[in-house]
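Please read the structure below before turning to the comments.
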Amino acid sequence: MRYLIVGGVAGGATVAARLRRLDEKAEITIFEKGEYVSYANCGLPYYIGNVIPERDQLFVQTVEGITSRYDIDIRIKTEVLSINREEKSILVKNLSNGEVVKEHYDKLILSPGAEPLKPPVPGIESNKIFTLRNVPDTDKIKNYIKNNSIRSAIVVGGGFIGLEMAENLRHLGIKTDLVEMAPQVMAQLDYSMASIVHLELEAKGVKLHLGESVEEFRESGSYIEAVLKGGKGIFADMVIWSIGVKPDTVLARESGLELGRTGGIKVNEYLQTSDKDIYALGDAVEVLNLVSGNASLIPLAGPANKMGRIAADNIVLGNTSKYTGSIGTGIAKVFDLTVASAGLSGKALERDGIPHIDSFTHSASHAGYYPNALPLSIKIAFSPGDGRLLGAQVVGFEGVDKRIEMFASVIKSGGTIYDLMELEHAYAPPFSSAKDPVNMSGFVADNILKGRVKIASWREIERLNSETDILIDVRTAEENKVATIPGSVNIPLDELRFRLDEIPDNKRIIVYCAVGMRGYLASRILMQNGFENVFNLSGGYKTYSVATGQPAAIQYFAVKITSGDQIE
């Protein structure tokens, strides 16, 4: 059998190695347009920032290493020009000498990846503007910074790569502006959670220009100017353009393979294209989003590697292994913060018309009485009917990775908030609390679904009417003096039972505390004393202050969570 693979890196290299382990006698060839067949794409920004000190550390395997271990024919600097499906052949060009040859296959695997979005913005072809997708891109950026004594940079795009580049440019002491067309960074997050990331970026010296787009680039002496939509200009020594990627589907489209509604290559559950002898995987394919049930593009390394293994199994053993879909689990380091998400955000659920309830919890990374417990913020989205978990977002300084993986496991299996309550985690004071933050998010959601508490969102506060609503701060008088929501009345929780006559029973009552726990207790007191229209502000003052950009937000986010605030 002859297996030809278009593209290396995560998907292509994985499928090739798996094919060899399953079929020792097969002839396997990888065609890679670039110079490197297997490298750590996700590590590129960290090499630029000198966090990864040696360039060689980026390479997972060399051509020689893969060839000697797996007996695979690897042809780098080779571009596949076309596919002839009728005669099962491809036309291949050697980019070093220009030679064009025809190669025949029994099975063809497409793993071309994705390419950076680069719209026709005037001036975008300047040699001071860079994209980051591969090792040569990395070398260009690294050498440009070194050889030109770069002191300032503009990053356009607030996704994973944009934020990682902003962080690593700051590591190099480079003044950094970040421009993002949306009102927030990290589109997979809801605004309230992204606002925490905004605080961290600004605290580390990244100047944010949110809700702005670049209309034009102009050369200005040794500088380049990014002209924003409103007419404002930002000057810098260089620009990193990182507004996203699109699937590379040129070969598939020109050969008549079916594309999906998202523009990616359409594959079945076996990763087979509309041609039974051609399989496709990685960033170029359209996959099923397991939460929405819709076709999606999810360009992540984890899914690409898993697809490589599954595609190889199906090619050699017959279509026996299924790729069921993805929930888009992702994580990023943003200076001292860790930011992660799985499933769908609230805004994505709104866009898809999926009913859901959102709730916030703020806990500590481990037991509050053990030294150095750090803030951990969680937002989950769940079905109002059966409590199915639809999405989770976690932002904090420690322990974010293990929490998002707990959430992801429940989401992927179609689990509910009741599964969150029952998750058995590894507990010791340095690592967690007896009730883990993931358990806590489930307990809070259970209270909401069972009607023990009704919640209000931070956005509703702006729409309060003093004629029909009353906002009560149940924190201590000392906390209230430091920062409060304008128009609220301070009745500390411990005094609430004795001051019920001060609360009107003909208005909607919204109570709030620091993170929501005391607000929940206050809600229970009021509801059991005859007040019917009672709501607790989800996430408390902490979520409200960060999301609305209150002056106290930065200080408040660092406030230590007391053990009393974590009791369900």
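Start at 1 with the first residue, then count along the sequence.
- Considering only residues two or more places apart in sequence or on other chains, Pro183 meets the side chain to side chain contact (heavy atoms under 4.5 Å, CB included) condition with none of them.
- For the pair Lys306 and Tyr323, the cation-pi test (distance below 6.0 Å, angle within 45°) is failed.
- Every pair tested for side-chain hydrogen bond (donor to acceptor under 3.5 Å, both in side chains) that includes a residue from residues 348-359 fails, sequence neighbours excluded, so the list is empty.
- With hydrogens and angles left out, the side-chain atoms of Asn305 and Thr14 include a donor and acceptor closer than 3.5 Å.
- Contact between Ala226 and Ile154 at its shortest, heavy atoms only, is CB-CD1, 3.8 Å.
- With values rounded to the nearest 0.5 angstrom, Ser82 atom OG is found 12.5 Å from Lys93 atom NZ.
- At a threshold of 4.0 Å, the pair Arg403-Glu405 does not count as salt-bridged, since none of the basic side-chain nitrogens sits closer than that to a carboxylate oxygen.
- Among all heavy-atom pairs drawn from Gly308 and Leu281, the shortest one is CA-CD2, 4.0 Å.
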Inset, instruction - Test salt bridge (charged side-chain N to carboxylate O under 4.0 Å, His left out) on Arg133 and Asp283 and set out the steps. - result: CA-CA 12 Å; Arg133 188 64 184 167; Asp283 295 357; 2.8 Å; yes
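- Of all non-hydrogen atoms in Val15 and Ala311, the two that sit nearest each other are CG2-CB, 4.2 Å.
- A ring pair (Phe, Tyr, Trp, His ring centres under 6.0 Å) check over residues 256-285, counting only residues at least two apart or in different chains, returns nothing.
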Inset, instruction - For Lys207 and Thr176, run side-chain contact (heavy atoms from CB on, under 4.5 Å): C-alpha distance rounded to whole Å, both residues' side-chain angles, the deciding distance at 0.1 Å, then the answer. - result: CA-CA 6 Å; Lys207 187 171 183 180; Thr176 304; over 6 Å; no
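- The CG atom of Asp56 sits 12.0 Å away from atom CD1 of Ile52, with the distance rounded to the nearest 0.5 Å.
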Legend entry - Glu258 and Lys266: CA distance, side-chain angles, deciding distance, salt bridge (charged side-chain N to carboxylate O under 4.0 Å, His left out) verdict: CA-CA 6 Å; Glu258 187 177 354; Lys266 189 171 185 177; 3.5 Å; yes
Inset, instruction - Go through the steps to decide whether Leu189 and Val339 satisfy the test side-chain contact (heavy atoms from CB on, under 4.5 Å), and finish with yes or no. - result: CA-CA 9 Å; Leu189 299 181; Val339 186; 3.4 Å; yes
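- Here the side chain of Thr249 pairs no donor or acceptor atom with the backbone of Ala252 at under 3.5 angstrom.
- A distance of 5.5 Å separates CD1 of Ile145 from CG of Leu169, quoted to the nearest 0.5 Å.
- Between Ala194 and Val185, the shortest heavy-atom distance links the atoms CB-O, 3.6 Å.
- Taking 4.0 Å as the cut-off between side-chain N and carboxylate O, Lys333 and Glu167 count as a salt-bridged pair.
- Across all non-hydrogen atoms, the minimal contact from Tyr144 to Asn127 is CE1-O, 4.1 Å.
- The closest side-chain heavy-atom distance from Arg18 to Asp313 is below 4.5 Å.
- Shortest non-hydrogen contact noted between Thr67 and Val63 is OG1-O, 2.7 Å.
- Of the possible polar contacts, one joining the Thr138 side chain to the Asn134 backbone as a donor-acceptor pair under 3.5 Å is found.
- By the salt bridge (Lys or Arg N to Asp or Glu O under 4.0 Å) test, Glu215 pairs with no residue at all, sequence neighbours left out.
- Around atom CD of Glu87, more than 12 heavy atoms belonging to other residues, nucleotides or ligands sit under 6.0 Å away.
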Only pairs under 3.5 Å count here: list side-chain donor-acceptor contacts from residues 381-392, not counting sequence neighbours, and write none if there are none.
| unit_1 | atom_1 | unit_2 | atom_2 | d |
| --- | --- | --- | --- | --- |
| Ser383 | OG | Gly385 | N | 3.2 |
| Ser383 | OG | Asp386 | OD1 | 3.2 |
| Asp386 | OD1 | Arg388 | N | 3.0 |
| Arg388 | NH2 | Leu290 | O | 3.1 |

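- Summarising the local packing, NZ of Lys33 is surrounded by 12 or fewer heavy atoms from other residues, nucleotides or ligands at distances under 6.0 Å.
- Between Phe59 and Tyr36, the ring planes lie tilted relative to each other; the angle falls in the 30° to 60° range.
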Inset, instruction - Applying side-chain contact (heavy atoms from CB on, under 4.5 Å), run through Met186 and Phe160 and close with a yes or a no. - result: CA-CA 7 Å; Met186 303 196 82; Phe160 281 107; 4.0 Å; yes
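- Residues satisfying the side-chain hydrogen bond (donor to acceptor under 3.5 Å, both in side chains) test with Ser274, not counting sequence neighbours, are none.
- Here the straight-line distance linking atom CZ of Phe407 with atom CG of Leu423 works out to 8.5 Å at 0.5 Å rounding.
- Between Leu251 and Val80, the closest side-chain pair of non-hydrogen atoms falls below 4.5 Å.
- In terms of the salt bridge (Lys or Arg N to Asp or Glu O under 4.0 Å) criterion, residue partners of Asp336 (sequence neighbours excluded) are, by chain and number, Lys204.
- Ile90 contributes atom CD1, which lies 7.5 Å from atom CD1 of Ile83 (distance to the nearest 0.5 angstrom).
- Under the 4.5 Å side-chain criterion, counting only non-hydrogen atoms from C-beta, Ile5 is not in contact with Phe31.
- Within a 6.0 Å radius of NZ in Lys347, other residues, nucleotides and ligands contribute more than 12 heavy atoms.
- Under a cut-off of 6.0 angstrom, the local environment of NZ in Lys128 is crowded, with over 12 non-hydrogen atoms contributed by other residues, nucleotides or ligands.
- Between Lys77 and Glu32 there is no salt bridge, since no side-chain N of the basic residue sits under 4.0 Å from a carboxylate O of the acidic one.
- Contact check on Asp139 versus Arg55 returns a salt bridge, with a Lys/Arg side-chain nitrogen under 4.0 Å from an Asp/Glu carboxylate oxygen.
- The side-chain heavy atoms of Leu91 and Val100, taken from C-beta on, include a pair separated by under 4.5 Å.
- For the salt bridge (Lys or Arg N to Asp or Glu O under 4.0 Å) test, residues two or more places apart in sequence or in another chain that qualify with Glu103 are Arg2, Arg75.
- Not a single salt bridge (Lys or Arg N to Asp or Glu O under 4.0 Å) links Asp248 to another residue, sequence neighbours left out.
- Rounding to the nearest 0.5 Å gives a distance of 12.0 Å between CD of Glu216 and CD1 of Ile124.
- Salt bridge Asp190/Lys379: present, at least one basic N to carboxylate O contact under 4.0 Å.
- In this structure, Glu286 does not pair ionically with Arg261, as no charged nitrogen and carboxylate oxygen lie closer than 4.0 Å.
- Scored by the side-chain hydrogen bond (donor to acceptor under 3.5 Å, both in side chains) test, Arg20 finds no partners at all (sequence neighbours excluded).
- In this structure, Tyr418 has no ring-ring contact (aromatic ring centres under 6.0 Å, His included) partners at least two apart in sequence or on a different chain.
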Inset, instruction - Starting from the C-alpha separation in whole Å, work towards a yes-or-no answer on side-chain contact (heavy atoms from CB on, under 4.5 Å) for Asn50 and Lys142. - result: CA-CA 10 Å; Asn50 293 334; Lys142 185 96 170 173; 2.5 Å; yes
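- Side chain to side chain, Tyr47 and Asn168 fail the donor-acceptor criterion of an N or O pair below 3.5 Å.
- The ring-ring contact (aromatic ring centres under 6.0 Å, His included) check on Phe217 picks up Trp241, with sequence neighbours excluded.
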